[in-house]
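Start at 1 and go down the list; that is how both ligands and their atoms are numbered. Everything numeric here is computed off the predicted structure, so don't read it as measured data.
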Amino acid sequence: MKIKSAEFVVSNSDVDKCPKSMLPEYAFIGRSNVGKSSLINMLTSRKSLAKTSGRPGKTQLINHFLINKNWHLVDLPGYGYARVSKTSKKTFQKFITQYFSKRMQLVCAFVLVDIRHNPQNIDLEFMQWLGENGIPFSIIFTKADKLKPNAIERHVLDYKTILLETWEDMPNYFITSSSKDIGKDDVLGYIDSLNKNMEE
Ligand code: GDP
């Protein structure tokens, strides 16, 4: 899929104020600093569509972008920062829960995971929660340029081993690097195929 247009639509903290349109929607979420903004900018070939490297926890907003006038890319806040208070963690959980339970337009959530780290509980718990709530998701491994190919394979295998303890299949996954422009066509091709499936 070629990205011909990418426009910012709206940011808000209230899921009821998200666009009413029923265009297919794809959400990107992960721990803060995982490389989500960089990935969104790589996918859309825009330098600063999503704001990179803000102070973690600062932007607790749901950001909608309209892509090619026919689907929404949604930038959700990062989770898992140490510096926010318990109350803001709760508020965050509430609105993320509401986002996922209310957005019927959501076709797939992309859970971003830094390929360098061993499987982290916070990510595994989040995937578990998505699964239990019937929300389709794929994994996007980020920062693949930081590891050699055999280490990438090993880290993916670690994830597979853990996930297959509770899941029948490994979710779809993608290996990406925003600094080396890796994985862009795979992710966009996947979104394109899901969009086409829905048109049929
Ligand atoms: P966000 O907080 O998840 O939106 O993460 P950002 O996109 O702001 O990236 C966090 C940090 O990781 C920044 O210093 C980026 O330059 C760096 N980063 C993001 N993607 C990559 C990548 O693919 N490779 C490398 N080496 N660094 C990356």
Side-chain angles (χ1 to χ4, degrees), residues 3 6-13 25-65 67 72-85 88-89 91-93 95-96 99-100 106 108-127 129-130 137-156 158-159 171-191:
I3 303 290
E7 303 152 52
F8 169 74
V9 183
V10 65
S11 285
N12 63 72
S13 57
E25 187 157 306
Y26 298 85
F28 292 75
I29 190 165
R31 299 182 78 173
S32 106
N33 224 33
V34 69
K36 180 168 51 72
S37 314
S38 307
L39 182 92
I40 291 172
N41 292 334
M42 170 181 79
L43 292 177
T44 55
S45 305
R46 302 293 188 277
K47 277 210 177 73
S48 52
L49 191 67
K51 305 271 174 289
T52 50
S53 293
R55 196 153 63 82
K58 211 171 146 197
T59 39
Q60 296 273 8
L61 295 169
I62 304 169
N63 304 294
H64 272 75
F65 298 95
I67 311 295
H72 278 130
L73 183 158
V74 182
D75 180 8
L76 292 174
Y79 53 74
Y81 7 79
R83 259 188 274 153
V84 299
S85 67
S88 53
K89 267 187 197 154
T91 314
F92 171 73
Q93 277 165 359
F95 97 55
I96 287 303
Y99 171 83
F100 284 108
L106 183 73
C108 179
F110 290 102
V111 181
L112 275 59
V113 170
D114 189 326
I115 188 93
R116 292 172 299 172
H117 305 316
N118 293 328
Q120 308 277 309
N121 278 342
I122 187 161
D123 295 318
L124 296 168
E125 281 163 15
F126 184 62
M127 293 179 207
W129 181 85
L130 289 172
F137 71 92
S138 299
I139 301 174
I140 293 188
F141 291 104
T142 61
K143 308 191 188 181
D145 57 286
K146 296 259 195 185
L147 293 182
K148 299 219 159 67
N150 58 350
I152 291 179
E153 228 170 88
R154 206 172 57 240
H155 283 230
V156 171
D158 287 346
Y159 257 91
N172 255 325
Y173 67 89
F174 302 91
I175 291 167
T176 69
S177 159
S178 307
S179 26
K180 293 267 154 55
D181 225 17
I182 297 169
K184 177 176 170 176
D185 292 345
D186 295 337
V187 176
L188 289 178
Y190 181 63
I191 293 175

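Looking at Val34 against ligand 1, both its backbone and its side chain come within 4.0 Å, counting heavy atoms. When non-hydrogen atoms are compared, ligand 1 lies under 4.0 Å from neither the backbone nor the side chain of Lys180.
Taking each of Lys143, Lys36, Met42, Arg116 in turn, the one with a heavy atom nearest to atom 3 (O) of ligand 1 proves to be Lys36. Of the options Ala144, Gly183, Ser38, Ser177, the smallest heavy-atom separation from atom 20 (N) of ligand 1 is shown by Ser38. Of the listed residues (Ile40, Asp145, Asp75), the one carrying the non-hydrogen atom nearest atom 26 (N) of ligand 1 is Asp145.
The two residues Gln120 and Tyr159 make their nearest non-hydrogen contact at N-OH, 3.6 Å. Listed here is the closest heavy atom pair of Ile96 and Phe126: CG2-CE1, 4.3 Å.
The backbone N or O of Ala144 lies less than 3.5 Å from no partner atom in the side chain of Lys180, so there is not a single donor-acceptor pair. No donor-acceptor pair under 3.5 Å is formed between the side chain of Ser138 and the backbone N or O of Tyr173.
Under 4.0 Å is where a charged nitrogen must lie from a carboxylate oxygen, and between Arg31 and Asp114 no such pair does.
Each of the following atoms of ligand 1 lies closer than 4.0 Å to a heavy atom of Gly35: 1 (P), 3 (O), 5 (O), 6 (P), 7 (O), 9 (O), 19 (C). Annotation for ligand 1: atoms under 4.0 Å from non-hydrogen atoms of Ser179 are 22 (C), 23 (O), 24 (N), 25 (C), 26 (N). Atom numbering of ligand 1 starts at 1 in the shown order; those under 4.0 Å from a heavy atom of Asn33 are 1 (P), 2 (O), 3 (O), 5 (O), 10 (C), 11 (C).
Annotation: side-chain contact (heavy atoms from CB on, under 4.5 Å) contacts of Glu7 (sequence neighbours excluded): Ser5, Leu66, Lys69.
In summary, the side chains of Lys184 and Ser45 do present a donor paired with an acceptor at a separation below 3.5 Å, with no hydrogens or angles considered.
Between Ser37 and ligand 1, at least one N/O pair is under 3.5 Å apart.
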